[in-house]
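Below: the structure, in structure tokens.
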Amino acid sequence: MPAKRHGGAHRHGRDRRAAVIHAPAGRPRFTGDAPSAAVVGGGLAGIAAATGLAERGVRVTLYEGERNLGGRLAGWPTRLADGTTVTMSRGFHAFFRQYYNLRGLLRRIDPGLETLTALPDYPLRHGSGLHDSFARVPRTPPLSALGFVALSPTFGVRDLARMDPRAALPLLDVRVPEVHERLDGVSAHDFLARIRFPEAAHHLAFEVFSRSFFADPRELSAAELVLMFHIYFLGSSEGLLFDVPAEPFPTALWDPLACYLAGLGVDVRTGTPVRHVRPLPDGRIDVEAGGAEARASRHDALVLALDGAGLRRLVDASPGLGDAPWRASIDRLRSAPPFLVSRLWLDRPVARDRPGFLGTSGYGPLDNVSVLERWEGEAARWARRTGGSVLELHAYAVSPDADRAAVQAEALRQAHRVYPETRDARIVDERHEWRADCPMFPVGGYRDRPGVRGPDPAVTVAGDMVRTGLPVALMERAVTSGFLASNAHLERWGVRGQTLWTVPRTGRSPVLRRLAALGG
């Protein structure tokens, strides 16, 4: 059965200390003739940008190269060996309660966020047998930190005595964007080593979180890790509990959002890749899109809401776009290593007490396991009809040279260790998605990431790799940057944009801020 909603937590309001980012002042919207804008990319960033512009009366054309909206959250139909048509996707995503702007976008189609289901915990398990849980940890700093240390089996008295409190002080008062200036030159692994963070806690908690950026901690910027610690833990009273869509992404998100955009007059063109763009002397932009018979259209503004690889390709194909330093920084963007999503339809159920989601460490390539019928309606209906289960396995930061079949087999073998009852299950069908299109946040790479605004005021950039100067990450960074990109164009035209919210830009707790100040 899908997970039950827990006390209306899926409709949880904002932290009372959340920071508001007011849009520049201006008239409410366009009346009469309005400018046109092209948004390239139909993922979260592009949909947010299109929404922000179209709600103010801008004539928007949204170009998406794939046949479906959603970007890295897209879904598509597939037919199983038993004849059932189901939805395949790139897997589990946690909709954390700190994602204020993402949730604001979703409220356009679901005011009460009824399509989101609350999961009761963020459980972690290490191959050594250690477990951690965030369900009982207080959510308000500094009690969150004290509670985690008190309840976690990975913190002992000797571990606490060994830690270097002075080196750990940056965790207590993260300031955005200054954290990138202080820590971007250090790896997440080296930062934790400097603190002398307990090894078990390092593996069980921080490694799980850092790998959610699809990167090995030795390659990930410590600034991103510390920022994540602030967003999800010490900077917010939202805690590490989260929601998930109760149906596959197209049903819950993309089909309703496409209808919403159409109602605003947005021309949504899926299956229409943009080949190149050309800035014109009058400040407008020519956009050439389509297949073999690509056609050009002219727009007053352009939002580039592509992943890093797609942005590099389009900029390379558009020699008149931007200036030399901007183009060079785009060219230096790199994608994270490949990752695997394996979805398995099993002929028998996973044990009833298994959580819907489990983060793992110390299990070879396996980074997490999901039992989809615990929350997703489509999977639950298949499981009820067949008596089986739908299991999903993720493996992040896989070596590009790895034997993919071997990684798939090893991830499954490790899943059998995690949930031994699956060893005897027959796999009715399986799908394996290999992707390598998530952004990489390497040590020292912050300055090369594009900002929302670039050298051409008619062109903005949005996506989860974009520098926003705000404490946001992952899906929330994508949506926030999309709204910021639309706001930048609206400001040029004297129209008021979207008000945004984030967790506090500095440490939330005055006690912890005073402690952090001792570090100088």
Side-chain angles (χ1 to χ4, degrees), residues 1-4 73 75-94 117 119-127 131 208 211-212 242 244-249 251-252 338-396 398 404-435:
M1 295 288 292
K4 295 180 180 179
L73 272 74
W76 55 93
T78 186
R79 191 173 180 83
L80 301 181
D82 68 357
T84 307
T85 297
V86 298
T87 306
M88 183 57 189
S89 71
R90 294 153 55 106
F92 170 88
H93 282 73
T117 291
L119 294 193
D121 195 4
Y122 191 139
L124 306 174
R125 176 171 166 178
H126 192 271
H131 292 75
V208 171
R211 288 177 68 84
S212 69
F242 57 86
V244 289
E247 292 292 343
F249 297 137
T251 302
F339 67 92
L340 165 69
V341 175
S342 289
R343 191 170 296 181
L344 312 171
W345 287 264
L346 307 179
D347 72 341
R348 63 196 66 187
V350 173
R352 292 179 63 86
D353 61 345
R354 301 304 189 191
F357 171 82
L358 176 68
T360 60
S361 181
Y363 288 93
L366 185 67
D367 285 292
N368 59 61
V369 181
S370 298
V371 185
L372 265 64
E373 69 267 19
R374 296 289 189 267
W375 78 80
E376 188 194 86
E378 181 183 272
R381 291 187 290 274
W382 185 89
R384 281 197 301 268
R385 181 173 60 81
T386 64
S389 273
V390 186
L391 200 66
E392 186 174 280
L393 317 177
H394 288 202
Y396 302 141
V398 178
R404 293 189 172 185
V407 173
Q408 291 169 192
E410 181 61 16
L412 177 59
R413 191 181 76 82
Q414 296 294 339
H416 292 162
R417 287 182 59 203
V418 178
Y419 294 161
E421 69 273 17
T422 62
R423 289 193 182 111
D424 297 326
R426 180 177 64 87
I427 297 175
V428 175
D429 212 336
E430 58 192 298
R431 297 290 185 275
H432 304 280
E433 285 291 318
W434 281 94
R435 304 282 179 151

Where S89 and G75 come nearest, the two heavy atoms and their spacing: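 Nearest pair, atom of S89 first, then G75: CB-CA, 4.2 Å.
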
For the student: nearest non-hydrogen atoms of R417 and G127, plus distance: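 Taking every non-hydrogen atom into account, NH2-O, 3.6 Å.
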
Steps toward side chain to side chain contact (heavy atoms under 4.5 Å, CB included) verdict (L358, Y419): CA-CA 11 Å; L358 176 68; Y419 294 161; 3.7 Å; yes

E373/R354 salt bridge by N-O under 4.0 Å criterion: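 No.
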
Presence of salt bridge, R381 and E378, under 4.0 angstrom: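 Between R381 and E378 there is no salt bridge, as every charged N stays at least 4.0 Å from the carboxylate O atoms.
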
Chi angles and distances behind the side chain to side chain contact (heavy atoms under 4.5 Å, CB included) call for Y396, N368: CA-CA 9 Å; Y396 302 141; N368 59 61; 3.0 Å; yes

Residue from R431, R90, R343 passing salt bridge (Lys or Arg N to Asp or Glu O under 4.0 Å) with E392: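 Exactly one candidate clears the test, R343.
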
Steps toward side chain to side chain contact (heavy atoms under 4.5 Å, CB included) verdict (T422, L391): CA-CA 9 Å; T422 62; L391 200 66; 4.3 Å; yes

For [Y], does its backbone N or O pair with a side-chain atom of [X] as donor and acceptor, under 3.5 Å?
| X | Y | answer |
| --- | --- | --- |
| D429 | A81 | yes |
| T386 | G388 | yes |
| S389 | V350 | yes |

Heavy-atom side-chain proximity of H131 to L124 below 4.5 angstrom: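 Sidechains of L124 and H131: no contact.
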
Side-chain donor-acceptor contact under 3.5 Å, S361 with R125: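 Result is no, nothing qualifies.
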
Any side-chain donor near an acceptor of the partner, H416 and Q414, under 3.5 Å: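 The answer is no; no qualifying pair exists.
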
For R423, all residues meeting side chain to side chain donor-acceptor pair (under 3.5 Å), sequence neighbours excluded: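 None.
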
Ring-ring centroid check F249 W76, cutoff 6.0 Å: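 Between W76 and F249, which both carry aromatic rings, the centre distance is not below 6.0 Å.
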
Between CH2 on residue W345 and CH2 on residue W382, distance to nearest 0.5 Å: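 CH2 of W382 is found 8.5 Å from CH2 of W345.
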
Pair V428-L80, side chain to side chain contact (heavy atoms under 4.5 Å, CB included): steps then yes or no: CA-CA 8 Å; V428 175; L80 301 181; 5.7 Å; no

